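As the structure is a computational prediction, the values presented were derived from the model and not from experiment.
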Amino acid sequence: MATKAAALKKKPEKTYEFAWTGTDRRGKKIKGVMRAANDALVRADLRRQGVTPIKVQKQFRLSFGKQKITPGDIAVFSRQLATMMKAGVPLVQALDIVGKGHANAAMQEMILTIKADIEGGTSLTNALRKHPLYFDDLFCNLVEAGEHAGVLETLLDRIATYKEKTESIKKKIKKALFYPTAVIVVGIIVTAILLIFVVPTFEELFKGFGAELPAFTQLVIDLSRFIRDYWWAILLGLAATVIILSNLWKRSPKFREIIDRAMLKAPVFGPILNKSALARFARTTSTMFAAGVPMVEALDSVAGATGSIVYGNAVKEMRDDIATGQSLRLAMEQQRLFPHMVKQMVAIGEESGALDEMLGKVADFYEEEVDNAVDSLSSLLEPLIMAILGVLVGGLVVAMYLPIFKLGSVV
């Protein structure tokens with residue numbers, strides 16, 4: 001009973017935004033916005049600050065579903081908290097300022113919940129562990145190391161830098177994949193529209209010719225008929241394929257590994273994905289090792305941070321090898337995934353006692369490589385995509401005009 005009462009006591013009260021108008025000590029009219037559970041608390045807080053409230057009104061906002069908390073929100077939160085703590089702001093006050101000032105209502109609610117837990121006597125690490133969807137083991141382990149060593153603000157700064165770097169890499173990869181995917185999807189839609197609405201018009205025209213149509217034209221007309229007659233079967237087939245593949249992705253680790261391995265070996269995107277995984281591996285390992293986290297324990301978190309199942313499995317095998325007494329370099333040698341340069345940098349780092357610094361340099365190198373690869377990929381794919389669109393749309397146009405050219409030559 002007492003435990004239940006304590007849990008209820010710790011639960012933060014729901015807050016709302018109130019727009020207020022009042023006068024300061026000099027009688028000057030001022031206004032602002034404040035979050036609180038009710039208007040009475042707003043008035044009381046204003047009076048404590050020397051403001052005489054005139055009007056306090058609850059703000060109502062139209063909301064179409066709750067905002068999601070993104071990895072970008074977590075990165076910004078890490079940087080804000082690190083900056084405030086380095087400036088000497090106490091943790092609870094820093095969380096209050098960051099939470100109340102956040103534009104995302106879901107993020108605001110979570111931060112204020114963390115603040116309430118800390119006020120109730122919970123450590124920051126345990127408060128963060130209550131939100132595993134947003135704060136992974138790596139984040140929590142680094143915070144725990146900072147709390148134990150008394151250098152929380154330094155570790156938060158490293159976490160913020162790590163999060164910003166990894167988010168930057170993710171954005172670059174998405175940028176590289178989005179443009180060609182979007183253009184190809186548009187090309188397929190345009191082709192479908194031509195086959196469904198334009199080709200039948202030409203088909204009616206060709207019926208009056210009374211002559212045999214060219215094979216290419218007949219093929220396009222047959223394809224158009226098939227799509228018009230069996231569009232429902234095509235849609236059902238596509239939907240079934242998407243559902244089956246998504247279920248396989250969720251439930252079959254082996255299927256995910258096969259797809260991931262195939263993507264890493266893809267001719268154009270594969271090198272970028274490999275460099276991205278290497279950059280994340282090096283950046284995460286460097287950050288964890290610099291924080292004083294033991295290598296075996298650090299690699300547990302690194303495995304999930306590489307963004308690749310193949311690299312993640314390799315890191316787990318490396319962790320097992322290191323647990324038996326091997327060096328990191330020897331463990332990497334057995335995986336055949338890591339370039340010679342990475343292994344040599346790790347060897348130098350282990351010999352000189354500056355492994356975190358060497359891995360940081362490796363991460364910087366591969367992050368720059370990903371950046372350059374994405375830029376060059378955009379310029380490389382643009383003419384290739386235009387050629388594909390030209391073949392799709394131009395091929396349909398040529399197919400429709402071939403009978404007209406043939407008729408013209410006969411005349």
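- Inter-residue side-chain proximity for Ile348 and Leu355 is flagged as unmet; no heavy-atom pair is nearer than 4.5 Å.
- Between Ala94 and Val89, the shortest heavy-atom contact is N-CG1, 3.7 Å.
- The structure places CD1 of Ile184 at 9.0 Å from CG of Leu392, a figure rounded to the nearest 0.5 Å.
- Atom CE of Met107 is separated from atom NZ of Lys68 by 16.0 Å, given to the nearest 0.5 angstrom.
- Ring centroids of Phe202 and Tyr401 are separated by less than 6.0 Å, placing the two rings close together.
- Dense packing is recorded around CE of Met295, with more than 12 heavy atoms of other residues, nucleotides or ligands lying under 6.0 Å away.
- Without hydrogens or angle criteria, Thr306 side chain to Tyr311 main chain gives no donor-acceptor distance under 3.5 Å.
- The side-chain contact (heavy atoms from CB on, under 4.5 Å) test with Val315 is passed by exactly one of Val310, Thr285, Leu299: Leu299.
- The closest donor-acceptor contact from the side chain of Asn126 to the backbone of Ser123 lies at 3.5 Å or more, if one exists at all.
- The main-chain N or O of Arg283 is found under 3.5 Å from a side-chain atom of Thr287 such that the two form a donor-acceptor pair.
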Check: Taking it one step at a time, do Val346 and Met358 satisfy side-chain contact (heavy atoms from CB on, under 4.5 Å)?
Finding: CA-CA 7 Å; Val346 167; Met358 290 297 111; over 6 Å; no
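- With contacts defined as side-chain heavy-atom distances shorter than 4.5 Å, the pair Leu238/Val242 does not qualify.
- Looking at heavy atoms from C-beta onward, Thr217 lies out of side-chain contact with Val398 at the 4.5 angstrom threshold.
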Next item on the list: Determine, step by step, whether Arg129 and Glu144 satisfy the salt bridge (charged side-chain N to carboxylate O under 4.0 Å, His left out) criterion, reporting the C-alpha distance in whole Å, the side-chain angles of both residues, the deciding distance to 0.1 Å, and the verdict.
Entry: CA-CA 10 Å; Arg129 288 192 196 279; Glu144 187 174 28; 3.2 Å; yes
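- Using a cut-off of 4.0 Å between Lys/Arg side-chain N and Asp/Glu carboxylate O, Lys316 and Asp300 are scored as not salt-bridged.
- Sequence neighbours left out, not one pair with a member in residues 234-253 passes salt bridge (charged side-chain N to carboxylate O under 4.0 Å, His left out).
- Ring geometry, His131 versus Phe135: the interplanar angle exceeds 60°, so the pair is classed perpendicular (tilted spans 30 to 60°).
- Side-chain contact, Gln334 with Gln326: a donor N or O sits under 3.5 Å from an acceptor N or O.
- To the nearest 0.5 Å, the span separating CE on Met110 from CG on Leu95 amounts to 10.5 Å.
- Here the closest non-hydrogen pair linking Asp356 and Phe289 is N-CD2, 4.0 Å.
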Margin query: Between Lys163 and Glu167, is the salt bridge (charged side-chain N to carboxylate O under 4.0 Å, His left out) condition met? List the steps.
Written below: CA-CA 6 Å; Lys163 283 287 181 184; Glu167 283 307 302; 5.9 Å; no
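- Between the side chain of Asn274 and the backbone N or O of Leu264, at least one donor-acceptor pair lies under 3.5 Å.
- Heavy atoms only, all atoms of each residue included: Pro271 and Ala266 are closest at CD-O, 3.6 Å.
- Taking CG from Leu156 and CD from Gln80, the interatomic distance works out to 12.5 Å, rounded to the nearest 0.5 Å.
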Check: Yes or no on salt bridge (charged side-chain N to carboxylate O under 4.0 Å, His left out) for Asp157 and Arg79, after CA distance, side-chain angles and deciding distance?
Finding: CA-CA 7 Å; Asp157 186 61; Arg79 174 58 62 196; 2.7 Å; yes
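- Taking both residues in full, the closest heavy atoms of Ala282 and Val362 are given as CB-CG1, 3.8 Å, listed atom of the first, atom of the second, then distance.
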Next item on the list: List the steps and the verdict of side-chain contact (heavy atoms from CB on, under 4.5 Å) for Leu359 and Met345.
Entry: CA-CA 7 Å; Leu359 284 170; Met345 292 287 278; over 6 Å; no
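- Looking at Glu350, its side chain does come within 3.5 Å of a backbone N or O of Leu328 through a donor-acceptor pair.
- The backbone N or O of Ala82 sits nowhere less than 3.5 Å from a side-chain atom of Glu153 that would complete a donor-acceptor pair.
- With contacts defined as side-chain heavy-atom distances shorter than 4.5 Å, the pair Glu257/Asn313 qualifies.
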Item checked: salt bridge (charged side-chain N to carboxylate O under 4.0 Å, His left out) between Lys275 and Glu369, intermediate numbers included -> CA-CA 7 Å; Lys275 289 171 183 176; Glu369 284 282 294; 3.2 Å; yes
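- Counting only heavy atoms from C-beta outward, the side chains of Ser78 and Phe139 approach each other to under 4.5 Å.
- Under the 3.5 Å distance criterion, with hydrogens and angles disregarded, a donor-acceptor pair is assigned to the side chains of Asp222 and Gln218.
- A donor-acceptor distance shorter than 3.5 angstrom exists from the side chain of Thr324 to the backbone of Asp321, with no hydrogens or angles considered.
- Rounding to the nearest 0.5 Å gives a distance of 6.5 Å between CH2 of Trp249 and CG of Asp260.
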Item checked: side-chain contact (heavy atoms from CB on, under 4.5 Å) between Thr23 and Val51, intermediate numbers included -> CA-CA 6 Å; Thr23 55; Val51 177; over 6 Å; no
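- The backbone N or O of Val220 sits nowhere less than 3.5 Å from a side-chain atom of Ser224 that would complete a donor-acceptor pair.
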Notebook entry, point to check: Stepwise, does the side-chain contact (heavy atoms from CB on, under 4.5 Å) test hold for Leu223 with Leu195?
Noted result: CA-CA 8 Å; Leu223 180 60; Leu195 287 170; 3.9 Å; yes
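- Ring pair Phe338/Phe281 is tilted by interplanar angle, where 30° to 60° counts as tilted.
- Asp364 has no carboxylate O lying under 4.0 Å from a charged side-chain N of Lys361, or vice versa, which leaves the two without a salt bridge.
- For the pair Leu46 and Pro53, the tightest heavy-atom approach, listed with the atom from each and the gap, is CD1-CB, 4.0 Å.
- Contact check for Val198 versus Leu396: no side-chain heavy atoms found under the 4.5 Å cut-off.
- Atom CD of Glu368 has 12 or fewer heavy atoms from other residues, nucleotides or ligands within 6.0 Å.
- For Leu194 against Pro200, the heavy-atom pair with the smallest separation is O-CD, 4.5 Å.
- Atom OH of Tyr134 sits about 12.0 Å away from atom CD1 of Ile111, to the nearest 0.5 Å.
- Proximity of Pro339 to Leu278: side-chain heavy atoms (C-beta onward) are separated by under 4.5 Å at one or more points.
- Side chains of Phe255 and Ile258 form no contact here, defined as non-hydrogen atoms less than 4.5 Å apart.
- Within 6.0 Å of CE in Met341 there are more than 12 heavy atoms belonging to other residues, nucleotides or ligands.
- Judged by distance alone, the side chain of Ser246 and the main-chain N or O of Ile243 form a donor-acceptor pair under 3.5 Å.
- Within a 6.0 Å sphere centred on OH of Tyr230, other residues, nucleotides and ligands contribute 12 heavy atoms or fewer.
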